[in-house]
There are 2 protein chains.
Amino acid sequence: MNEQKTETEQQILKAAKQVFTRKGFGGTRMQEIANEAKINKSLLHYYFRSKQLLFEAIFKDTLFEFVGKIKLIFNSEEELITKIPKIVHTYSDYLQKNPYIVIFILRELQAEPKIILKIVEMINIKSFHFFEQINQEVEKGKMKPIKPEHLFINILSLTIFPVIAKPIIMAGLMQGSNELYNQFLEERKEIVINFIFSAIY
Amino acid sequence: MNEQKTETEQQILKAAKQVFTRKGFGGTRMQEIANEAKINKSLLHYYFRSKQLLFEAIFKDTLFEFVGKIKLIFNSEEELITKIPKIVHTYSDYLQKNPYIVIFILRELQAEPKIILKIVEMINIKSFHFFEQINQEVEKGKMKPIKPEHLFINILSLTIFPVIAKPIIMAGLMQGSNELYNQFLEERKEIVINFIFSAIY
DNA sequence: ATTTAGTTTAACCATTTGGTCAAATTTATA
DNA sequence: TATAAATTTGACCAAATGGTTAAACTAAAT
């Protein structure tokens with residue numbers, strides 16, 4: 001997101017990311033980004049020509065960060081027994097710190113499932129070492145048979161969903177308490193790891 | 001959603017739901033709803049006064065439908081062994097037919113986590129028979145110990161996430177093929193049931 | 001010091017958009 | 001049938017909003 005960029009340009013990108021990820025394309029006002037970046041609205045157009053182009057810059061960057069993070073942790077060489085717990089921990093932490101980006105990505109992708117998916121294709125998820133590992137362990141009979149694609153999605157589901165469903169979980173299960181919710185997410189990590197291990201071993 | 005409502009009113013609600021759930025509050029134009037409903041834009045205001053009020057009507061209704069559906073299947077008296085598979089099947093089917101509403105709800109809830117959550121509180125998730133059942137089976141040692149809240153979220157995660165992440169899954173794992181994706185969702189049902197049973201029994 | 005290129009700003013514009021209103025039309029009531 | 005009430009429409013309005021432009025300012029190059 002930063003390579004030889006002006007300080008102003010970076011301020012804009014930071015502000016735009018903040019506003020766009022929280023309010024989406026339709027809900028975002030250029031003026032609000034300008035305020036957030038503490039610059040004149042015209043500067044937004046000076047650097048990015050249009051709302052659409054600024055949005056695309058942010059969206060690509062965010063999608064890349066999100067999928068890149070997945071790649072980083074699923075693609076490591078580590079053994080599965082330590083890798084799966086690490087995946088759950090790392091990704092849970094990441095999501096708790098960035099609770100907006102998942103819904104942002106899914107939402108805008110639904111509205112515009114176009115070209116930008118090249119980013120996802122580019123990353124080539126199926127080539128992650130994780131997939132090979134699962135296949136090997138299943139072949140060796142060390143693990144109950146399961147297609148790596150499904151296990152992959154299962155792990156992501158179990159870690160991502162509780163974060164994006166925060167408002168519903170808080171209201172429905174945590175008596176509206178933010179503290180209880182955070183505690184729930186915290187204890188969840190070990191429970192999810194346990195759940196997965198019980199299911200596959 | 002319909003009780004003594006004018007035909008026009010119902011047309012509006014139907015159209016509004018369609019547009020709002022796909023484009024969100026910010027991305028929706030009153031004119032588009034009017035077109036979709038094949039009526040004059042002024043009629044929208046005649047029946048619902050403002051965009052905000054029309055939106056709230058739709059949002060409440062959709063949230064109620066969504067959570068109500070959860071209640072319906074988690075609250076039944078059935079034995080867990082047949083109930084859990086039924087939950088997965090019923091909810092997966094429902095979500096495949098209504099792929100927009102989850103993201104819609106989560107997105108708008110994030111933007112406005114206000115009062116409307118009373119609907120969720122009202123439904124009183126924790127009172128579902130499911131929760132009692134889990135506690136009982138765990139007590140009796142029939143099931144590995146797990147808090148029902150976590151199992152509840154696990155089941156929802158595994159069924160909901162793959163539907164809302166469709167664009168990413170399609171691009172990243174299904175070579176962009178819609179057919180492969182549908183097949184994936186289809187075979188997933190049994191796999192998820194298996195996964196859950198392996199984890200808890 | 002002067003010029004030049006890059007950066008920033010304020011004022012302004014055109015379009016979009018939610019919303020209003022009075023007139024027209026339809027439906028119900030007397 | 002005449003009248004009143006409810007429904008529907010088209011024209012219109014004011015505010016919001018993305019975008020433009022020319023001028024002002026800054027910093028580097030000559």
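As a basis for the values below, the full set of heavy atoms in this structure was taken, side chains included, without hydrogen atoms, waters or symmetry mates. Chain identifiers are assigned alphabetically (A, B, ...) following the order of the sequence lines, protein sequences preceding nucleic acid strands; residue numbering begins at 1 within each chain.
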(request) Please confirm whether the backbone N or O of B/Ile87 pairs with a side-chain atom of B/Thr90, one donor and one acceptor, at under 3.5 Å? (result) no

(message) For the backbone of A/Glu78 and the side chain of A/Gln133, can you confirm whether one donor and one acceptor N or O come within less than 3.5 Å of each other?
(response) yes

Counting side-chain heavy atoms from C-beta on, which of [options] comes nearest to [X]?
| X | options | value |
| --- | --- | --- |
| A/Arg29 | C/dT8, D/dT17, C/dC21 | D/dT17 |
| B/His45 | D/dG18, C/dG18, C/dT8 | C/dG18 |
| A/Lys41 | D/dG18, D/dT8, C/dT9 | D/dG18 |

(request) Describe the nucleic acid contact of B/Phe48 in one word from base, sugar-phosphate, nothing, applying a heavy-atom distance below 4.0 Å. (result) nothing

(message) Just to verify, which of A/Glu32, A/Lys38, A/Gln31 counts as forming a side chain to side chain donor-acceptor pair (under 3.5 Å) with A/Asn35?
(response) A/Gln31

(message) Using a distance-only criterion (donor-acceptor N/O pair, under 3.5 Å, no hydrogens), is the base of C/dG19 paired with the side chain of B/Lys51?
(response) no

(request) Please evaluate the base of D/dG10 for a donor-acceptor partner in the side chain of B/Ser42 within a cut-off of under 3.5 Å? (result) yes

Would you kindly give the [atom1]-to-[atom2] distance between [X] and [N], to the nearest whole Å?
| X | N | atom1 | atom2 | answer |
| --- | --- | --- | --- | --- |
| A/Phe25 | D/dT17 | CZ | C1' | 12 Å |
| B/Asn40 | C/dG19 | CG | P | 15 Å |
| A/Leu43 | D/dT21 | CG | P | 16 Å |
| A/Leu44 | C/dT9 | CG | P | 11 Å |
| B/Leu54 | C/dG19 | CG | C1' | 13 Å |
| A/Lys23 | D/dT17 | NZ | C1' | 15 Å |
| A/Asn35 | D/dG18 | CG | P | 12 Å |
| B/Ile12 | D/dT7 | CD1 | P | 11 Å |

(message) Ignoring hydrogens and geometry beyond distance, is a side-chain donor-acceptor pair present between A/Lys166 and A/Asn178 at under 3.5 Å?
(response) yes

(message) Looking only at side-chain N and O atoms, does A/Glu179 offer a donor or acceptor that is under 3.5 Å from a partner on A/Gln183?
(response) no

(request) Ignoring backbone atoms, establish whether A/Tyr47 has a side-chain N or O less than 4.0 Å from OP1 or OP2 of C/dT8. (result) yes

(request) Taking only the side-chain nitrogens and oxygens of B/Thr8, find out if one of them lies under 4.0 Å from OP1 or OP2 of D/dT8. (result) yes

